[in-house]
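What follows is one structure encoded as structure tokens, with my remarks underneath.
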Amino acid sequence: MGPTILIVDDDANVLELVRVNCAAKGYTVLTATDGNEAILAVEKFMPALVILDVMMPEMDGWEVCKILRDEYKDSIKILMLTAKDTARDKMIGKDILKADEYMTKPFDVDALLSTVEHLLSKGYS
Amino acid sequence: MKDRPVPTTEIVLNGVGASPGIAVGKAFHFAQIDLKTLEENRLPIEDVDREIERFTDAVKKSIEQLSGLKESGKNEDLADIMAIFQVHIQLLTDADFLTSIPALISRSRSNAEYVLANQIRDLEKRFLSIDNEITRARLLDVQDVYFRLLRNVLDIEHVRATPLRRMPSSVILVAERLLPSDIALLDLKKIIGIAIENGSTVSHVSIIAKTLCIPVLINVHGISALSRNASLLILDANEGKAVLRPSPDTVARYEKKAKQENHPHSRSRQPVMKCFTKDGIKIRLEANAGSAPEVREAIESGAEGIGLLRSELYYLSRDSLPTIDEETAFYESVQVVCGAKPLTVRLLDIGADKTVPYLRCITQEENPHFGVRGIRLLLRNPELLHNHLVSILRACRKRHVKILLPFVSIPHEVDEVRSIISDISKKEGVHHSAWTLGMMLEVPSTVLMLGEYMDKIDFLSIGTNDLIQYLFATGRENSGLEKYRAAAFPLLLRLIKSVVDTAASAKKELSVCGEIAADPAYTTHLIGAGVRVLSMQSCALHSVCTALSNKTMSDCVKMAKAVLKEQA
């Protein structure tokens, strides 16, 4: 089994698309549809990577990212995958809240998988 | 929770105890949102008006948040912090600020956060170039409000509090530093200890934690990076140590030590009996308080009186100046709780780091700790002083009150206030025996020329926090000066001994009310130097009483002599 990835998105279509493609690459894939679920899943399964949407009800991706960085420091990789596509949004995600990578929707599946692979190889190098 | 294996070797980090006690518990990390990057990320903008609107919207939001915090902050332990938020609101409503930032945005055609972040950087440079610790300490306040504004411009203020909502009970909070607005977010009831990388023994967090008997270790460099969230951590603020990844043996040892040493500081406060040394010399233990509930707690904890009622905290807990009737009612409510026990009301000690926003008499100063504060400020504002004194003196009609003057630095100030009090007493029909007048010894000049005050005052109270600050030029909020504070004690004790001698020959009452009066490591020396009255936060009464009851007067004298000899 490959490393565990948690995908967090309230859009079922995106969730399924990413899940299927990551699973096909041999990763163990978990899913969550909001921030609270995501935090619970991290506590329970300690994934190597979290693919994180930003705009979600209850707890948004910015909040999840801050919690993960505060509580797990760099031991979990975070890839933001969001429709928030301004330079300011990217700055918040990467530079301020310290996500490892920031990709915007719509996204290219191959580019996503390549980023996932890159992040995970960094994590275990 | 599944977790990756971590090294199990114990790591001991050194720090400085800022509030005594030992805590054994799980670490909880609090990290501020790092906004440094904004200084370098200039985002060119097309729509200047829209950018200015983002700025003004963020200002509005910030003011709303601060007002909300102030309203919700009725916790009197946090009265000082709440007052700081009013100062933050003032900064945000400053006309110059509200015009200069939009002008800069417009001129540079840059995003609001870039402009603001660079303003902070420039301010930092200016503050840090001033060789003045107090001014530098003020920088924290300015940063605090700017950071809030920046988070609101970015619409991420909500992100800050989210991790704290997940804080479980009985944790040791680990942080690089804590700003006043961070402290307001914390649920202090859940915290059994605090470890911070930067701080000061007299910073807001240290003082609040002391009041609540929470052990605090400051200047624990590296603890944020080295400790893991939810991992076991030991904090020994008595010995200035943090133990990361403790072995089971170490945990057992510290749990035992905590039982022995924390007992008096535990939150279930046990009332103290009257305090005697082992050989039966009576030591009078009084309490410092700032509100009627604190006075009640002090009296219930066994305090033999209120040695320091900080009247400014009553002012700080309000949104507007109290009427004379309101203020009198406050003192009367305190008197009811005190019963027959003595009550010492310190006149408003504002200025310096404590500002009361609705009092327009206070001006911003370059160097406020050395400026118009305490009695200086009151004498410059006769109406404020008059109403303050009328309120206190009307309460004197029911029970005797000791009136304590803050920040006296020349004898004439005492003469002036005594004359005003006498006049008001006559007008109000308050008998002259209903009050006595004392002064704080916190400015070195008063200690050095104490003889000149002896026929002017009835009692003395030594404020060791400010006295150390002024003697050793060690700003209270500066974390890098602990070694100077630690080195201050021998000289301080020598000065206290000289004050004891002068006060004794003039038959004046003397008490010590600074932080060292609450620290068993120092109280025996104070008693050995001749002090017989100590005033402290009520949670320290038990530990001080226990420490003193285990020592004979001869032990105390020997300890004091050893320190005095070392100093000589």
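Predicted model only: the values in this text are computed from it and were never measured. Letters A, B, ... are given to chains in the order of the sequence lines, protein chains preceding strands, and every chain is numbered from 1.
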Inset, instruction - Inspect the surroundings of CD in Glu117(A) and state if more than 12 heavy atoms from other residues, nucleotides or ligands are less than 6.0 Å away. - result: no

Legend entry - Leu43(B) portion near chain A, given a 4.5 angstrom heavy-atom threshold: side chain

Legend entry - Contacting region of Asp60(A) [heavy-atom separation from chain B under 4.5 Å]: side chain

Legend entry - Heavy atoms of other groups near Lys98(A) NZ, more than 12 under 6.0 Å: yes

Legend entry - Test item: Lys66(A) side-chain N/O and Ala161(B) main-chain N/O as donor-acceptor pair under 3.5 Å: no

Inset, instruction - Please lay out, stage by stage, how Arg88(A) and Glu51(B) fare under the test salt bridge (Lys or Arg N to Asp or Glu O under 4.0 Å). - result: CA-CA 12 Å; Arg88(A) 179 174 288 120; Glu51(B) 204 57 25; 3.1 Å; yes

Legend entry - Lys105(A) NZ: over 12 foreign heavy atoms closer than 6.0 Å: yes

Legend entry - Rounded distance (nearest 0.5 Å) linking atom OG of Ser227(B) with atom NZ of Lys73(A): 5.0 Å

Legend entry - Side chain to side chain, Asp70(A) and Asn229(B), heavy atoms closer than 4.5 Å: no

Legend entry - Value rounded to 0.5 Å, distance of CZ in Arg69(A) from NE2 in His29(B): 14.5 Å

Inset, instruction - For chain A, find which of Thr37(B), Asp155(B), Leu35(B), Leu38(B) contributes the most heavy-atom pairs closer than 4.5 angstrom. - result: Thr37(B)

Legend entry - Trp62(A) side, atom CH2; Ile33(B) side, atom CD1 - distance, nearest 0.5 Å: 11.5 Å

Inset, instruction - Kindly indicate, with the supporting measurements, whether the criterion side chain to side chain contact (heavy atoms under 4.5 Å, CB included) is fulfilled by Arg166(B) and Ile39(A). - result: CA-CA 10 Å; Arg166(B) 292 172 40 78; Ile39(A) 297 295; 3.0 Å; yes

Legend entry - Between CD on residue Glu113(B) and CD1 on residue Ile92(A), distance to nearest 0.5 Å: 7.5 Å

Legend entry - Point-to-point distance, once rounded to the nearest 0.5 Å, from CD1 of Ile96(A) to CD1 of Ile156(B): 5.0 Å

Inset, instruction - With a 4.5 angstrom heavy-atom cut-off, could you sort out which part of Arg165(B) is near chain A: side chain, backbone, both or neither? - result: side chain

Inset, instruction - Find the distance between CG (Asn41(B)) and NZ (Lys94(A)) and round it off to the nearest 0.5 Å. - result: 11.5 Å

